[in-house]
Structure formats: structure tokens, C-alpha cells
Amino acid sequence: MKAIFAGSFDPFTIGHLDIVQRAAKCFEHVFISILYNPGKDTCMFSVDERETLICDAVSGIPNITVTHFDGLLVEHARSLGADCIIRGIRTGGDVDYERMLETVNHKLDGEMETLYLLSKPEHSHISSSLVRQLLMLHIGIEDIVPNADNTMYWGRKGIRWTK
């Protein structure tokens with residue numbers, strides 16, 4: 001079976017990485033797919049930058065492919081031959097939102113399964129929004145983002161931080 005783990009990943013965190021590592025043990029192949037929303041220009045990192053950062057973070061996992069898409073997730077998943085959507089759950093609030101997405105995805109493709117992986121407790125407070133806020137405040141992110149020393153993390157929109 002093949003699975004897809006999709007999101008904006010702006011940026012990719014150690015929580016995302018943990019979900020991917022665990023999913024890679026369960027599936028023959030996992031696609032990490034970056035959602036590109038052309039109508040939304042609020043991302044800190046471009047799709048190409050996010051793809052580079054994610055590829056660097058997962059370079060040691062052989063059954064991972066990083067892609068990007070716009071449009072419907074279920075259509076993209078089917079185009080890749082994926083049978084299952086992987087979603088991470090950090091908090092109880094995520095459950096209602098993810099359940100809504102699963103319901104819509106199931107209406108669009110009744111054969112597509114969704115598998116929820118609970119965040120490890122030590123990662124449950126980490127979100128991409130938090131990382132962006134920390135970057136804007138010039139606070140180090142090395143403990144919550146893989147490859148945080150990557151030059152894309154400093155110099156982006158005038159952001160500077162040091163370890």
C-alpha cells in the first residue's frame with residue numbers, strides 16, 4: 001500500500017518528520033505532498049523552498065517521495081496511486097477538523113482511507129504557525145525544525161536568528 005501525507009508544511013517540523021518516519025514503517029511508499037494554494041500568498045517559504053527543506057529532512061528514508069499539488073487531495077492521491085491519507089493529530093481540537101476533512105474526502109472518493117497518527121506528547125505543542133512566529137521574533141527553532149541550520153531559515157524576509 002502507498003500513502004500520502006499532505007499539508008502546507010510552512011515549514012516542516014519535527015512533529016511532521018516523526019509522523020512521516022512512523023508512516024514509512026507501515027507503508028511500502030509514502031508521498032509527502034506540499035499543498036500549493038495559488039490564491040494564498042501568506043506562506044513564509046515558497047513551494048520550492050519547502051520541497052528542498054523536506055527533501056533534506058527525509059533524505060535518509062528510502063521509501064519517501066516529496067511532491068506538490070494544487071486542487072483536491074483525493075485526486076492527487078489517486079494520481080500517485082496512494083490508497084491512504086495520513087493525518088497527524090496533535091490535540092483534541094485537531095480531531096474535529098480532521099474528521100470534517102475525512103468526511104469530505106470520503107464523499108469525493110469512497111475508497112480512500114484516512115489513517116490518523118497521534119503526535120508524540122513531546123511534539124504536541126509544535127506547529128508550523130509557532131515556528132513562523134518564533135522566526136519573526138528572532139527566537140531559535142533548532143529544537144523543533146529538522147535542519148534548522150539551513151540558510152533558508154535565516155535571511156528569509158529579513159529574519160535573522162542564531163543558535
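These numbers were taken from a predicted model, which means no experiment stands behind them. What's counted below: heavy atoms across the whole structure, side chains too, no hydrogens, waters or symmetry copies.
We find the CD1-CG distance between Ile54 and Asp56 to be 10.0 Å, quoted to the nearest 0.5 Å. To the nearest 0.5 Å, atoms CG (Asn63) and NZ (Lys25) are separated by 11.5 Å. Distance CD1/Ile126 to CD1/Ile144: 5.5 Å, rounded to 0.5 Å.
Under the 3.5 Å distance criterion, the side-chain polar atoms of Arg87 are left unmatched by any main-chain donor or acceptor of Leu101. Arg50 contributes no side-chain N or O that, together with a main-chain N or O of Pro11, makes up a donor-acceptor pair within less than 3.5 Å. Although no hydrogens or angles enter the test, the distance criterion places a donor-acceptor pair under 3.5 Å between the side chain of Arg132 and the main chain of Asp10. In this structure, Ser124 contributes its side chain and Ser119 its backbone to no donor-acceptor pair below 3.5 Å.
Ile19 is connected to Met1 through a chain of hydrophobic side-chain contacts under 4.5 Å among Ile, Leu, Val, Met, Phe, Trp and Tyr, so both are in one cluster. Val95 is not connected to Met100 by any chain of hydrophobic side-chain contacts under 4.5 Å among Ile, Leu, Val, Met, Phe, Trp and Tyr, and they are in different clusters. The same ILVMFWY cluster, assembled from side-chain heavy atoms under 4.5 Å apart, contains both Ile14 and Met44. Val20 and Ile89 are not part of a single hydrophobic cluster, where members link through side-chain heavy atoms under 4.5 Å apart. Clustering ILVMFWY residues whenever any of their side-chain heavy atoms sit less than 4.5 angstrom apart, transitively, puts Tyr116 in a cluster other than the one holding Tyr97.
At a threshold of 4.5 Å between non-hydrogen side-chain atoms, the residues Phe9 and Ser128 do not count as touching. A heavy-atom distance below 4.5 Å is not found between the side chains of Arg99 and Asp96. Taking 4.5 Å as the limit, some side-chain heavy atom of Cys55 sits within range of a side-chain heavy atom of Glu51. Between Glu113 and Asp83 there is no side-chain heavy-atom pair separated by less than 4.5 Å. Glu111 places a side-chain heavy atom less than 4.5 Å from the side chain of Arg78.
When the shell of 6.0 Å around CD of Glu122 is examined, it contains more than 12 heavy atoms from other residues, nucleotides or ligands.
Looking at Lys120 and Asp18, a side-chain N of the basic residue comes within less than 4.0 Å of a carboxylate O on the acidic one, giving a salt bridge.
Checking Thr65 against His29 by side-chain atom types alone, a donor-acceptor pair falls below 3.5 Å. With 3.5 Å as the limit, one finds no donor-acceptor pair spanning the side chains of Thr114 and His106. Side-chain contact annotation: Ser33 with Thr67, donor-acceptor N/O pair under 3.5 Å present.
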What's the verdict on side-chain contact (heavy atoms from CB on, under 4.5 Å) for Thr13 and Leu17, showing C-alpha distance, side-chain angles and the deciding distance? CA-CA 6 Å; Thr13 70; Leu17 180 59; over 6 Å; no
Give the intermediate values and the outcome of side-chain contact (heavy atoms from CB on, under 4.5 Å) for residues Ile34 and Phe45. CA-CA 11 Å; Ile34 304 161; Phe45 297 94; over 6 Å; no
Residues Gln21, Ile61; criterion side-chain contact (heavy atoms from CB on, under 4.5 Å); working and verdict: CA-CA 8 Å; Gln21 289 169 328; Ile61 309 172; 3.7 Å; yes
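Using bins of under 30°, 30° to 60° and over 60° for the plane-to-plane angle, the ring pair His16/Phe12 lands in the parallel bin.
Other members of the cluster containing Phe31 are Ile4, Leu35, Phe69, Leu72, Leu73, Val74, Leu80, Ile85, Val104, Leu108, Met112, with ILVMFWY side chains joined at under 4.5 Å, either directly or via other members.
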